[in-house]
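Computed from heavy atoms alone, side chains included, the values below leave out hydrogens, waters and symmetry copies. Letters A, B, ... are given to chains in the order of the sequence lines, protein chains preceding strands, and every chain is numbered from 1. Please read all numbers here as calculations on a predicted model, not as lab measurements.
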Number of protein chains: 2
Amino acid sequence: MIETKTMEYNEKQVQIIETAERLFSAKGFEGTSVRDIAQEAGINIAMISYYFGSKEKLIEAIFDYRISYTRLTMLGLLQDESLSPTIKIEKIIDSYINKMMSNQCFYRLMSQERAILEVHNITELIYDSKSKNMDMVKKIIHEGQRTGEFRKNVDVSLLMATLIGTSNHFTVSQEFYRRYNNMKEMPEEEFQKHLKKKLGNHLKSIFKALLTNEA
Amino acid sequence: MIETKTMEYNEKQVQIIETAERLFSAKGFEGTSVRDIAQEAGINIAMISYYFGSKEKLIEAIFDYRISYTRLTMLGLLQDESLSPTIKIEKIIDSYINKMMSNQCFYRLMSQERAILEVHNITELIYDSKSKNMDMVKKIIHEGQRTGEFRKNVDVSLLMATLIGTSNHFTVSQEFYRRYNNMKEMPEEEFQKHLKKKLGNHLKSIFKALLTNEA
DNA sequence: TAAAACTAAACAAACGTTTAATTAATTTTT
DNA sequence: AAAAATTAATTAAACGTTTGTTTAGTTTTA
């Protein structure tokens, strides 16, 4: 149905992709000009059309680049028979948070694109990726229901909305969090670790409460 | 600190504001031209500069218009002495979901702006509004901790991130939800009611699990 | 020496904003 | 109450920039 291109990109193309990703996430797709990108990446404007065809195709390349790169890591989890569903869910939460925290530009960009209705040709790519993630989590939860670890009547859509929505909002609002909690002085790296830990524990306790059987 | 303008807008200005809000939310701020807005609102392009000064000031007017309009409703809750903290929290959840579901364009636009770093002059306005919401919820939770309804060690920042993040993500991804769960045939109004109910129950059970003392 | 990588310059189209003129509404003066 | 004066609302056209893309030529690589 969806032709997943998953192109190979050369060094220069990756350089352009990562520069564009950073600028798009900071100023928005329409708010960033190809001249901005060219200047920031230290290349000629024409190279963007030369390598990608258009600005539109460039953002598609960004999503192609990041999504194909991201999917691989999660798949290994499912096969591992030695892990209990509870542990698998915990690992998925950690894995998602790690991906998001170390690719904040991309997730910021994805948040923007999600919120825009008349969207670029990446809608199908995102839909496809979301479906696969949803299917995977569903499988694990069904597994947990079979073993008796998890309760019946779990709404996976809302569970995923909570994982993704809470994580995104918390990350994107980190400057508010810093100001509101008077943490201006904390070094950036330490602050990021703090966010990760807080967020991880929070989501795990939510998932535990929603998944496990009442005592 | 922040001069909350809370201007009065005449009929024509409101018409422009609401048209712009709809277009901005659908195509993004930079993706929408003043000509788009003028055409859709059935007015001359120059009227936008005439009434608001610039496109930039127009989006500020949108946020001024919506945020000042929104804040009033929540405040009444706090004063009501007859309601228990538990009920108050439930009412806040319902109130937030209702506001969001009946102003989807505005919340979509706010999601976009939140995700963009180099943002417009509305940052302070949003920060101010968020702080006030946070303070209010904090107050209610402290009240619940005094009465013994709520446990100690509640992270209000993460609680709010879950309320706002989950709600936004669920709403913004409603088309995915429709497709993934084969609900294409359900009438729009019924579908919206369905989302509201699902989301409300979900968030209430999360808040209950995170706030109340373990049995 | 052919293909690939790269460049400066030019392209038309679209952008937000302003101008100058006209119509509509309101206030002031008779 | 009518006429005049003043302000507000509205318009079409033009403004100078900036936009994404292309061209035609040059340099580099294989």
Side-chain angles (χ1 to χ4, degrees), chain A residues 5 7-65 109 112-113 116-122, chain B residues 5 7-65 109 112-113 116-122:
Chain A
K5 290 168 276 183
M7 275 184 55
E8 291 274 305
Y9 300 103
N10 65 39
E11 207 175 313
K12 210 97 194 183
Q13 283 174 309
V14 170
Q15 181 195 350
I16 296 172
I17 284 178
E18 291 182 346
T19 305
E21 178 187 64
R22 183 162 49 81
L23 292 178
F24 285 162
S25 78
K27 320 203 285 176
F29 174 76
E30 305 277 1
T32 307
S33 71
V34 290
R35 281 169 182 81
D36 288 339
I37 300 168
Q39 183 167 21
E40 198 77 8
I43 54 144
N44 189 280
I45 325 168
M47 294 308 292
I48 291 168
S49 294
Y50 178 73
Y51 275 129
F52 299 97
S54 66
K55 190 189 176 189
E56 186 74 25
K57 296 250 184 70
L58 172 55
I59 197 179
E60 291 170 26
I62 293 175
F63 277 80
D64 178 59
Y65 175 67
L109 178 57
Q112 293 170 28
E113 290 300 311
I116 290 179
L117 282 175
E118 288 183 16
V119 91
H120 310 96
N121 289 343
I122 49 187
Chain B
K5 289 169 277 181
M7 273 183 56
E8 291 274 306
Y9 299 104
N10 65 40
E11 208 176 310
K12 209 98 194 183
Q13 284 174 309
V14 169
Q15 181 195 351
I16 296 173
I17 285 178
E18 291 181 347
T19 305
E21 179 188 65
R22 183 162 48 83
L23 292 178
F24 285 162
S25 79
K27 322 204 286 178
F29 174 76
E30 304 278 1
T32 307
S33 71
V34 291
R35 281 169 182 81
D36 288 339
I37 300 167
Q39 183 167 23
E40 198 76 7
I43 52 142
N44 189 279
I45 324 168
M47 294 307 291
I48 290 167
S49 295
Y50 178 74
Y51 273 131
F52 300 98
S54 67
K55 189 189 177 188
E56 186 75 24
K57 296 251 184 70
L58 172 56
I59 195 178
E60 291 170 25
I62 293 174
F63 277 80
D64 176 59
Y65 175 67
L109 178 57
Q112 293 170 27
E113 290 299 310
I116 290 179
L117 282 176
E118 289 183 16
V119 90
H120 310 97
N121 288 344
I122 49 188

Rounded off to whole Å, could you give me the [atom1]-to-[atom2] distance for the [X] and [N] pair?
X	N	atom1	atom2	result
B:Ile43	D:dA12	CD1	C1'	14 Å
A:Glu30	C:dC15	CD	C1'	12 Å
A:Glu56	D:dT21	CD	P	9 Å
A:Gln39	C:dT7	CD	C1'	16 Å
B:Asn44	C:dA20	CG	C1'	13 Å
B:Arg35	C:dG16	CZ	C1'	7 Å
A:Lys27	D:dT18	NZ	P	13 Å
A:Met47	C:dA8	CE	C1'	14 Å

Subject >> B:Glu56 atom CD, over 12 foreign heavy atoms within 6.0 Å >> reply: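 More than 12 heavy atoms, drawn from other residues, nucleotides or ligands, come within 6.0 Å of this atom.
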Review point. Side chain of B:Ala46: nearest nucleotide among D:dA12, C:dT7, D:dA9?
Key: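 In terms of side-chain proximity for B:Ala46, the closest of D:dA12, C:dT7, D:dA9 is D:dA12.
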Check every atom of D:dT10, C:dA5, C:dT17 against the side chain of B:Tyr51 and return the nucleotide holding the closest atom.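 Closest of the options to the side chain of B:Tyr51: D:dT10.
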Scan [X] against the nucleic acid and name what it touches under 4.0 Å (heavy atoms): base, sugar-phosphate only, or nothing.
X	result
A:Ser49	base
A:Ile45	base
B:Phe52	nothing

| message | I want to know whether B:His120 and B:Phe29 have ring centres closer than 6.0 Å. | response |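 Yes - the distance between ring centres of B:His120 and B:Phe29 falls below the 6.0 Å cut-off.
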**Message:** Taking the nucleotide of DNA chain D with the nearest heavy atom to each, does B:Lys12 or A:Thr32 sit closer to the 5' end?
**Reply:**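 Nearest nucleotide further toward 5': that of B:Lys12.
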Q. Does C:dA5 have OP1 or OP2 sitting under 4.0 Å from an N or O in the side chain of A:Tyr50?
A.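 So the side-chain polar atoms of A:Tyr50 do come within 4.0 Å of the phosphate oxygens OP1 or OP2 of C:dA5, strictly under.
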Q. Is there a side-chain polar atom (N or O) of A:Ser33 under 4.0 Å from OP1 or OP2 of D:dT18?
A.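 No, no such contact exists.
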I'd like to check A:Glu113 versus A:Ile59 (side-chain heavy atoms, cut-off strictly below 4.5 Å). Are they in contact?
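They are in side-chain contact.
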(message) Are A:Glu60 and A:Phe52 packed together at the side-chain level, in the sense that at least one heavy-atom pair is separated by less than 4.5 angstrom?
(response)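 SC-SC contact between A:Glu60 and A:Phe52 ruled out.
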- Item | Whether A:Tyr65 and A:Tyr9 hold their rings parallel, tilted or perpendicular, with breakpoints at 30° and 60° |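 The arrangement is perpendicular - the two ring planes meet at more than 60°.
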